[in-house]
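All heavy atoms count here, side chains included; hydrogens, waters and symmetry mates do not.
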Amino acid sequence: MTETKLPNFDTMTPADFEQYLPEIFANGDGHVSTDPRLQTFLKNNPDCAALVRDLEAIADQARSLFDDPINPSDAVWNGIQDKLKHASPEDDDYAIPQTV
């Protein structure tokens, strides 16, 4: 990844921040709110700080989808197998459409 020249964090405007935010996220650890270079800016710009919190929450939720996949228990799989074994052709929930 190419390093882009970021604005001076002490003189950055909210417009600069929004323009460079994807790069700031990409070059950081995913937690812009803890970047010491941005603490004063975020404190002085609550809308930008709220945007960062929202994006971090979204990123954390997305990461958690990959970290902890949901695997049904054996009891769930056994219940599915039992239902399939005992399903009758007359049962609407399990009926396979007949073609003529």
- Message: When you compare the side chain of Asn45 with that of Phe17, does any pair of heavy atoms fall below 4.5 Å?
- Response: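 No, every pair of side-chain atoms sits at 4.5 Å or beyond.
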- Query: Is any side-chain heavy atom of Leu38 closer than 4.5 Å to a side-chain heavy atom of Val52?
  - Reply: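 Not in contact.
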List the residues meeting side chain to side chain donor-acceptor pair (under 3.5 Å) with [X], not counting sequence neighbours, and say none if there are none.
| X | result |
| --- | --- |
| Glu56 | Ser33 |
| Arg37 | Asp35 |
| Asp60 | Arg63 |

- Item | Distance (rounded to the nearest 0.5 Å) between Thr13 OG1 and Asp16 CG |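 It comes to 3.0 Å.
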- Task: Report yes or no: do Leu21 and Ile58 belong to one cluster of Ile/Leu/Val/Met/Phe/Trp/Tyr joined by side chain heavy-atom distances under 4.5 Å?
- Result: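 No, Leu21 and Ile58 fall in different hydrophobic clusters.
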- Which atom names give the shortest non-hydrogen contact between Pro7 and Tyr20, and what distance separates them?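 So the two residues come closest at CD-CD1, 3.3 Å.
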- Query: If every non-hydrogen atom of Gln39 is compared with every non-hydrogen atom of Thr34, which pair is closest and at what distance?
  - Reply: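 Closest approach of Gln39 to Thr34, heavy atoms only: NE2-C, 3.6 Å.
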- Item | Asp82 atom CG: more than 12 heavy-atom contacts under 6.0 Å |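 More than 12 within 6.0 Å, yes.
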